[in-house]
Amino acid sequence: MSAADHADERFAPSAEFSAHALIRSRNDLNALCERAAREPEEFWGELARQELHWFEPFQRVLQWEAPFARWFVGGRTNVAYNCIDRHLASWRRNKAAIVWEGENGEQRILTFQELYREVARFANGLKSLGYGKGDRAIIYMPMVPEAAIAMLACARLGIIHSVVFGGFSPEAIKTRVDDLEANLAITADAGVRRGREVPLKRNMDQALRDCPGVRHCVVLHHRGARDAQGAAIGAMQATRDLWWHELVSGQSEQCAAEPLDSEHPLYVLYTSGTTGKPKGVVHTTAGYLLQCHMTMQWVFDLHEEDTYWCTADVGWVTGHSYIVYGPLSMGATTLMYEGAPDFPQPDRFWRVIEKYRVSVFYTSPTAIRSFIKTGDEWPQKHDLSSLRLLGSVGEPINPAAWRWYHKVIGGERCPIVDTWWQTETGSIMIAPVPGAVATKPGSATLPLPGVQADIIDSHGAPVGPGQQGYLVIRHPWPSMFRTLYRDDARYKEVYWSRFPGIYFTGDAARRDADGYFWVLGRVDDVINVSGHRLSTMEAESAMVRHPAVAEAAAVGKPHELKGQALVVFATVKSGRQRSPELSEELRDWIASEIGSFARPDEVRLVEALPKTRSGKIMRRLLRELVVSDKVSGDTTTLEDYSVILKLSSEGKEEEEILSEKKGS
Ligand code: PRX
């Protein structure tokens, strides 16, 4: 069944939920949306004045010279001040800011007061090394409070941070260090996943080998990690490396927050685009924080007493906006868990929810599908009655997974907010406001206040209900990215050239008769593996760096758990033999070049790749091939149709060989 077949299935919020919600009815929401559409600058301006702390007020809400926006022009504020200091003046000073659980069950709770002290000490440590406004830090950390502390300390001083997901390889770190011209690195000795150490420092050492611009690498002593010989993982280099605890020891517990321009860059987060080179998405200070803060209220209906848990990693945008900046700005308690969802048993998440009485839970469809697979008995062992709201992010959620989540986790009591947004948008754009909007499984429902989303055809004309088109945003919004780091031309080209003056998301969507949005997926060469964006070009570039590979073409294939899986076709250089062993080696190769989450499900070694007469690889045919093992449509531009026939049978043979090998 397609998503549209479910368009009539709806779940209205209960009267009880709505009665306690921050936005209680569709009328209230509509009034907010209408006001925001009619007077966007007054709307955002008022919220910015009310909801954020300003060292100096802004003079102008928006300066829009398409496609470049500046929000809250002339104002001075500080993200860390908003996330911490302003809560210290109230009873919240002793409220839990971060609740952390480690994989082996350790626990740490930092109140806002304690978070302030830790951030101040670390910021003072960085200052003592000479870092300050405009410097650039690469943060490569496990899911520990110090990851948030490092981000907030940078934000406090105006150091631009770029968090690199702990699953990325040294090669990926190096690309980011180079592009950002980072001069500071922050890491830990190691992280942990399913009881095994993740050698973060060692990866960092490898990455920094040819990065002389990085003057210091601060290392958190987290695991006390040792290798088989008993040596600390990644030896400390005398002139570059410092232990975190030594850096902060003796530092003052007071550190004034730097009054920063509204448009000072807060962070650069690298995300996959359609070329091999990741894009450095730039987020700035005031507008970004305001919309993260507002969506915590609108979408998560956040109340003072909530315990909120977003299961993302801080290395992705969801972790930035909805583990660190959004919740802390709201003065909320945010939970961080370092470890795998199924360790030591498949009920770990439910155990954590029960233990801390989590009330708002935000996870991904991939995680939900894997829970379905392990069986209802795992959540049923636990008291999940503290939950009142559930969220989903990262990819379209299939209606069956939605219904399971609603029934088995939410006890048919909790609304589900399916949140559509992107690294580039900075905060949630399309999602139900849970006290006001009836949900439909598989639909992110309606744009939030101030978000002018639309669906248009290739000529830019709006499409009618039920018709598929391109998802676009017509008006700038405060948390939008401002550019791609040091690459305005690529920013213009990728996002603003297809429909001039309109932001093109890269997603296809349709709207139903109620105006609900159904996001269908990407229209470009970006695939979504377990909610992680991966560019097929990035995989191909990595593949051809292997000495045995001549050419490569990567495509996505539907996958039961991950949403999509990566399949790479490749030809080998003359003198090299195709073999199942080489295929396996190439899967590992991509994992080591990009990161283990990018390991292809299959590498198919073939005699030749299908090409047009002009020499372009016909990925469309390969995509069809991995789905159906057949190709259809127009193949008149194919250089050699026989290549496709061969591919089709070779793929089969190789699969048989591999499955035999696995079975043996
Ligand atoms: O294709 C959409 C999909 O994820 C893309 C954004 O990926 P990324 O920048 O990595 O950010 C992920 C976390 C916000 C989008 O272009 N996507 C994200 N959320 C949804 C979604 N697709 C459908 N429904 C969603 N709720």
Here's one to test your reading of the geometry: is the NZ or CZ of K279 within 45 degrees of the ring axis of Y270 and under 6.0 Å from its centre?
no

Interatomic distance, SG@C414 vs CG@L387, rounded to 0.5 Å, equals 5.5 Å

Of all heavy-atom pairs linking P449 and L29, the shortest is CG-CD1, 4.0 Å

**Asked** Does the E258 side chain pair with the main chain of L157, one donor and one acceptor, at a distance under 3.5 Å?
**Response** no

Q) R388 and H303: side-chain donor and acceptor closer than 3.5 Å? A) yes

Query raised in the report: Would S385 and D383 count as having a side-chain donor-acceptor pair, cut-off 3.5 Å?
Result: yes

Discussion item. Quick check against the 3.5 Å criterion: does D306 have a side-chain atom that pairs as donor or acceptor with the backbone of S359?
Written reply: no

From the list Y308, F361, W421, ring pair (Phe, Tyr, Trp, His ring centres under 6.0 Å) partner of Y322 resolves to W421

When rounded to the nearest 0.5 Å, the distance separating CD1 of I353 from OG of S386 is 7.0 Å

Rounded to the nearest 0.5 Å, the CG atom of L328 sits from the CD1 atom of I98 at a distance of 5.5 Å

Do the side chains of V163 and H320 get nearer than 4.5 Å, heavy atoms only?
yes

Would you say that more than 12 heavy atoms from the other residues, nucleotides or ligands in this model lie under 6.0 Å from the NZ of K492, or not? no

For E16, does the CD atom have more than 12 heavy-atom neighbours from other residues, nucleotides or ligands under 6.0 Å away? no

| Just checking, is any N or O donor in the side chain of T439 or D418 under 3.5 Å from an acceptor N or O on the other one? | no

Sorted by chain and residue number, the side chain to side chain donor-acceptor pair (under 3.5 Å) partners of S364 (sequence neighbours excluded) come out as none

Could you check whether E46 pairs with R35 (Lys NZ or Arg NE/NH1/NH2 to Asp/Glu carboxylate O, under 4.0 Å)? yes

*Check for a donor-acceptor pair, side chain of D512 on one end and backbone N or O of D514 on the other, with a separation under 3.5 Å.*
yes

| said: Quick one, Y337 and M143 - any side-chain contact, counting heavy atoms below 4.5 Å? | reply: no

With distance as the sole test, does S18 use its side chain to make a donor-acceptor pair with the main-chain N or O of G435 at under 3.5 Å? yes

Exercise. Spell out, as yes or no, whether a donor-acceptor pair under 3.5 Å connects the side chain of T423 to the backbone of V317.
Key: no

Just by modelled atom types, is the A286 backbone N or O under 3.5 Å from a matching donor or acceptor in the T77 side chain?
no

Assign the ring pair H406 / W402 to parallel, tilted or perpendicular, where the plane angle (0 to 90°) is split at 30° and 60°. parallel

Across all chains, not counting sequence neighbours, the side chain to side chain contact (heavy atoms under 4.5 Å, CB included) partners of E263 are R70, W71, D261, T284, R482

Query raised in the report: For the rings on W477 and Y503, is their centre-to-centre separation under 6.0 Å?
Result: yes

Aromatic plane relationship, F504 with Y470 - under 30° parallel, 30 to 60° tilted, over 60° perpendicular:
perpendicular

Practice problem: May I ask you to test the D85-F112 pair for a side-chain heavy-atom distance under 4.5 Å? | Solution: no

**Prompt:** Just checking, is any N or O donor in the side chain of S329 or N82 under 3.5 Å from an acceptor N or O on the other one?
**Reply:** no

Paired with R511, the side chain to side chain contact (heavy atoms under 4.5 Å, CB included) test is passed by just one of V463, D454, L471, namely D454

Output for pair (I109 CD1, L115 CG), nearest 0.5 Å, gives 13.5 Å

_Between the side chains of E9 and R403, is the shortest nitrogen-to-carboxylate-oxygen separation below 4.0 Å, so that they form an ion pair?_
yes

**Q.** Between S321 and S427: side-chain donor-acceptor atoms closer than 3.5 Å
**A.** no

key: Criterion salt bridge (Lys or Arg N to Asp or Glu O under 4.0 Å) on R92 and E304, from CA distance to verdict   = CA-CA 9 Å; R92 277 192 198 134; E304 194 69 77; 2.8 Å; yes

Given the options Y356, W350, F349, W309 meets ring pair (Phe, Tyr, Trp, His ring centres under 6.0 Å) only with F349

Hits for salt bridge (Lys or Arg N to Asp or Glu O under 4.0 Å) against R26, two or more places apart or cross-chain, chain-then-number order -> none

When you look at E395 and Q564, which way does the side-chain hydrogen bond (donor to acceptor under 3.5 Å, both in side chains) test go after all the steps? CA-CA 10 Å; E395 53 187 305; Q564 280 188 298; over 6 Å; no

### Message
Any side-chain to backbone donor/acceptor pair from S272 onto R533? Under 3.5 Å, distance only.
### Response
yes

Residues passing the side chain to side chain contact (heavy atoms under 4.5 Å, CB included) test with P415, sequence neighbours excluded, are F17, L389, P434

Which class fits the ring pair Y325 and Y288: parallel under 30°, tilted 30 to 60°, perpendicular over 60°? perpendicular

Under the 3.5 angstrom rule, does the side chain of R76 hit a backbone N or O of P259 as a donor-acceptor pair? yes

*Taking the inter-plane angle between the rings of H161 and Y267 on a 0 to 90° scale, is it parallel (under 30°), tilted (30 to 60°) or perpendicular (over 60°)?*
parallel

Taking C-beta and beyond as the side chain, do M296 and P327 meet within less than 4.5 Å on heavy atoms?
yes

Side chain to side chain donor-acceptor pair (under 3.5 Å) filter on D313, not counting sequence neighbours, yields none

Residues at least two apart in sequence or cross-chain that pass side chain to side chain donor-acceptor pair (under 3.5 Å) with T419, listed by chain then number, are Y362

Checklist entry - Just wondering, more than 12 heavy atoms not from H20 lying within 6.0 Å of its NE2? => result no

* Asked: Tell me, do H293 and M330 make a side-chain contact under 4.5 Å, heavy atoms counted?
  -> yes

Under 3.5 Å, is there a donor on one side chain and an acceptor on the other for H475 and Q452? no

Inset, instruction - Indicate yes or no for a side-chain donor-acceptor contact from E51 to the backbone of A48 under 3.5 Å, with no hydrogens or angles considered. - result: no

Give a yes or no answer on whether the side chain of T311 reaches the backbone of T363 with a donor-acceptor pair at less than 3.5 Å.
-> no

